[in-house]
Amino acid sequence: MNERSSRGADTASSGPGLSRLLLDRFVSGLHGRVIVSPDPDYEPARALWNGMIDRRPALVARCRDNDDVVVSVNFARDNGLPLAVRGGGHGVAGQAVCDGGLVVDLSEMTDTDVDPEGLTARAQGGCTLADLDRATQRYGLAAPLGVVSATGIAGLTLSGGMGWLRRKYGLSCDNLVSARVVTADGKVLTASESENQDLFWAIRGGGGNFGVVTSFDYRMHPVGPRVFLCHVYYPLERAQEVLRACEGYVAEVPEEAAPLAVLGRIPRVEAYPAAVHGEPFVAIFAVSTGAGEAAAEEGERALRPLREVTEPLCDLSEHTAYTEAQQFLDEDYPDGGLYYWKSVNAPELSDKLIERLTEHAAAAPSPDSTIDVWYQGGAMARVGEQETAFANRGVPYLFGIEGNWDHEGDSERNLAWVRDTFADLRHFSTGGVYLNFPGFLEEGEQLLREGYGGNYERLSAVKAKYDPGNLFRLNANIQPAS
Ligand code: FAD
C-alpha cells in the first residue's frame, strides 16, 4: 500500500457514509492530501483562528492546485456533501470548516507572482496578507489589504477588504483585475472586465457564494517601503475631541490617510508604559500611504495632527517598514482566542453617539474587547454602489464591535456585551453591516440583505447562473433566484 492509499483506507472508517472505493478514488485523484480523523494533522486542520468554532469535517482536502479544487468540488457536489472553503481561516463566523462535510483547504496554495512593470500581482487563494505584502514590498508595491497580516486575502477580498490604503486606493475588491474561479459545475473560469463580467462583478463583494477562487490578480500601488505608523492613545474620556479631530482630519486630507479609531483598554504588556496599563483609551491608528525615500518623513508630517489632539496616555508612533506596520496589530488577535464580532454602519457621528460608544467601550467585560471606528470615504466611496457587488460604500462610518476574550467561562458575558452594544448602536444607523465582520451570522436574512444592500437581487440572479443548487452555501449566503 502506498502512502496515499493508506490515507484512503483511513477515510473508510470516518467517511460520511461513502464507499471505500469512492473515497480511495477521490484521494488518489488529488495532488494534495486528504486529512481525516484520526490523522495527527486532523485537529490542526479543523482548527480555525476563532476558538469559538468547533466543527468536525469528514474530509479536509488540502489542495495543491486548480485541478485539486476541481476534483474536490466535483466530489462534494456528486456525493451531496456540505462544502466549506478555507482561505486564511480568519473568517469570524468560522464557516471555513463544516460538520460532516468536505473542506476545500487552500492553505498550501500560497504562491505569488509580482509583475512590477505591469503593476499587478497574482496571489493564490490560500495567501495571507503577509504572504502578498512580503512579495510585493520587494518592489516597493502594495495592494490595499486589511490591517492584520494573518488574515486571508480570499475572504477579505471577496467581501470587500478595508485597510490603511482604503481612502487612497479603495477596497481590496476594487483593486482586483481578475480571478480564477472554480464554479459549482467544476469549471475553471476567469472572471475579469472582459471575461465572465457578471461573475467578476459578483465576486467583488458577494463573498464565497460563486465558487472557489484559486487566484486573485491585483492592481498594485507604490507604497513605502518605509512608512510612518501613527499609534497614539488618548484617555477614553477625551473621545469627543479625538473622534471629532479624526473627522475633521479626513475632511481636510481626503485621500492621504485612513484613520482607525479604537476604544479599549491598554494591554498589560511591556510594549506600553506600566503607568498606563489597564487605562481606558481612545486610540488613533493610521499608516502613511506615500512611496519613496522621503515617504516616512512626509508621512510623519501628514499624520502629525492626529497625534496632537490632546495630551496622550502614550504615543508609540514610529517610522517603520510597511510590512511591519501591516503586522503591528497581529499580537492582539492570537489564534484560538475566543471572538465574537458585529458591525454597524452610521451616517454621522453625533455627540450622543460618541457618548454611547464611550459608555459601551468602558462596560466591556473583557479588557481585550474594543469598539473600532472606521473612517470610510475617499477612493472606496468614489466607486459606484452598483459598479461592484460591495454595498453601503457611501456610508462615512463603520463601527466594529469586537468581543475578544480568553476563557470559555466568560463567553456568556462577552456575547451579551456585543449583542447589547450592537442593538444600541443600531439606533444610530440607517442600516447596513460589513459582511466581513459578523460572528455566527445569527441575525438571519435581514442583516445579510442589509449587507448586500441594493445589489442583492442582481447577486441572486448571478448565483442562479453559476451555483443554482447552492453548493457554496456556507457563507453569507445568497439564495439563487428561482
Ligand atoms: P476564511 O475563514 O478562510 O474564509 C471566510 C469565508 O470566505 C469562507 O467561509 C468562504 O465562504 C470564503 N472563502 C474563503 N476563501 C475562499 C476562496 N478562495 N474562494 C471562495 N470563497 C472563499 N476585514 C477587513 O476588511 N479589514 C481588516 O482590517 C480586517 N481585519 C481583520 C482582522 C482579524 C484578526 C480578523 C479575524 C478578521 C479581519 N477582517 C478584516 C475580516 C476578514 O476580512 C474576514 O474575516 C475574512 O473572511 C477573512 O478571510 P479568510 O480567507 O482568512 O477567512
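Whatever order the structure lists ligands and atoms in, that order sets their numbers, starting from 1.
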Quick one: are [X] and [Y] in side-chain contact, heavy atoms under 4.5 Å?
{"X": "N404", "Y": "W341", "value": "yes"}
{"X": "H221", "Y": "L165", "value": "no"}
{"X": "R426", "Y": "V433", "value": "yes"}
{"X": "S172", "Y": "I153", "value": "no"}
{"X": "E195", "Y": "L189", "value": "no"}

Just need the protein heavy atom nearest to [atom], so name the residue and atom and give the distance.
{"atom": "atom 25 (O) of ligand 1", "answer": "Y434 OH, 2.5 Å"}
{"atom": "atom 47 (O) of ligand 1", "answer": "N436 OD1, 3.5 Å"}
{"atom": "atom 24 (C) of ligand 1", "answer": "L156 CD1, 3.4 Å"}
{"atom": "atom 49 (O) of ligand 1", "answer": "G155 CA, 3.2 Å"}
{"atom": "atom 14 (C) of ligand 1", "answer": "G87 N, 3.7 Å"}
{"atom": "atom 28 (O) of ligand 1", "answer": "V147 N, 2.8 Å"}
{"atom": "atom 42 (C) of ligand 1", "answer": "T151 CG2, 3.8 Å"}
{"atom": "atom 20 (C) of ligand 1", "answer": "G211 O, 3.1 Å"}

Between [Y] and [X], is there a salt bridge with N-O shorter than 4.0 Å?
{"X": "E108", "Y": "R33", "result": "no"}
{"X": "R180", "Y": "D217", "result": "yes"}
{"X": "K463", "Y": "E457", "result": "no"}

Parallel, tilted or perpendicular for W49 and Y339, by the 30°/60° rule?
->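 W49 vs Y339 ring planes: parallel.
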Fit a plane to each ring of F216 and Y218, take the angle between them on a 0 to 90° scale, and name the class: parallel (under 30°), tilted (30 to 60°) or perpendicular (over 60°).
->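 The arrangement is parallel - the two ring planes meet at less than 30°.
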Can you confirm, on distance only, whether ligand 1 has an N/O atom lying under 3.5 Å from any N/O atom belonging to [X]?
{"X": "Y333", "answer": "no"}
{"X": "V213", "answer": "yes"}
{"X": "F437", "answer": "no"}
{"X": "G88", "answer": "yes"}
{"X": "G91", "answer": "yes"}
{"X": "N475", "answer": "no"}
{"X": "G152", "answer": "yes"}
{"X": "F216", "answer": "no"}
{"X": "M162", "answer": "yes"}
{"X": "G89", "answer": "yes"}

Of the listed options L129, V148, V97, closest to atom 32 (C) of ligand 1 (non-hydrogen atoms) =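 Ranked by closest heavy atom to atom 32 (C) of ligand 1, first place is V148.
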Shortest heavy-atom approach to atom 11 (O) of ligand 1 - which of V85, L474, V182 =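 Of the listed residues, L474 has the closest heavy atom.
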Short side-chain donor-acceptor distance under 3.5 Å, D133 and T323 =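 Note: T323 and D133 side chains miss the donor-acceptor criterion.
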Are N455 and R458 linked by a side-chain donor-acceptor pair shorter than 3.5 Å?
->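 R458 and N455 do not have a side-chain donor-acceptor pair below 3.5 Å.
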Under 4.0 Å, counting heavy atoms only: does [X] come that close to any atom of ligand 1?
{"X": "S159", "value": "no"}
{"X": "G163", "value": "no"}
{"X": "W341", "value": "yes"}

Of L106, T183, V188, the residue whose pairing with V212 passes side-chain contact (heavy atoms from CB on, under 4.5 Å) =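 Filter result, single survivor: L106.
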At under 4.0 Å between heavy atoms, is it the side chain or the backbone of [X] that contacts ligand 1, or both, or neither?
{"X": "W164", "result": "neither"}
{"X": "T128", "result": "neither"}
{"X": "W49", "result": "side chain"}
{"X": "T214", "result": "neither"}

Proximal ligand 1 atoms for [X], defined as those under 4.0 Å from one of its heavy atoms:
{"X": "L106", "value": "18 (N)"}
{"X": "L158", "value": "19 (N), 20 (C), 21 (N), 22 (C)"}
{"X": "G146", "value": "26 (N), 27 (C), 28 (O)"}
{"X": "A154", "value": "15 (N), 16 (C), 17 (C), 18 (N)"}
{"X": "R86", "value": "3 (O)"}
{"X": "V212", "value": "19 (N), 20 (C)"}
{"X": "G161", "value": "25 (O)"}

Can F428 and F399 be said to form a ring pair (Phe, Tyr, Trp, His ring centres under 6.0 Å), step by step?
-> CA-CA 11 Å; F428 298 88; F399 307 127; 8.6 Å; no
Does the salt bridge (Lys or Arg N to Asp or Glu O under 4.0 Å) test come out yes or no for E255 and R166, once each step is laid out?
-> CA-CA 9 Å; E255 304 290 294; R166 67 189 178 280; over 6 Å; no
Do R204's NZ or CZ and the ring of F200 fall within the cation-pi criteria of under 6.0 Å and 45°?
->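 Yes, a cation-pi geometry.
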Check: G32 main-chain N/O paired with D68 side-chain donor or acceptor under 3.5 Å =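 Side chain of D68 to backbone of G32: a pair is present.
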Would you say atom 16 (C) of ligand 1 has a protein heavy atom nearer than 4.0 Å?
->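 True for atom 16 (C) of ligand 1.
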Taking the six-membered ring for Trp and the full ring for Phe, Tyr or His, determine whether the centres of Y397 and Y375 are under 6.0 Å apart.
->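 Judged by ring-centre distance (under 6.0 Å), Y397 and Y375 do meet the cut-off.
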Kindly determine whether R62 and D105 satisfy salt bridge (Lys or Arg N to Asp or Glu O under 4.0 Å), including the steps that lead there.
-> CA-CA 5 Å; R62 198 154 271 174; D105 178 345; 3.2 Å; yes
For side-chain contact (heavy atoms from CB on, under 4.5 Å), just list the numbers for S288 and W164, CA-CA rounded to whole Å, side-chain angles, deciding distance to a tenth of an Å, and then say yes or no.
-> CA-CA 8 Å; S288 66; W164 306 121; over 6 Å; no
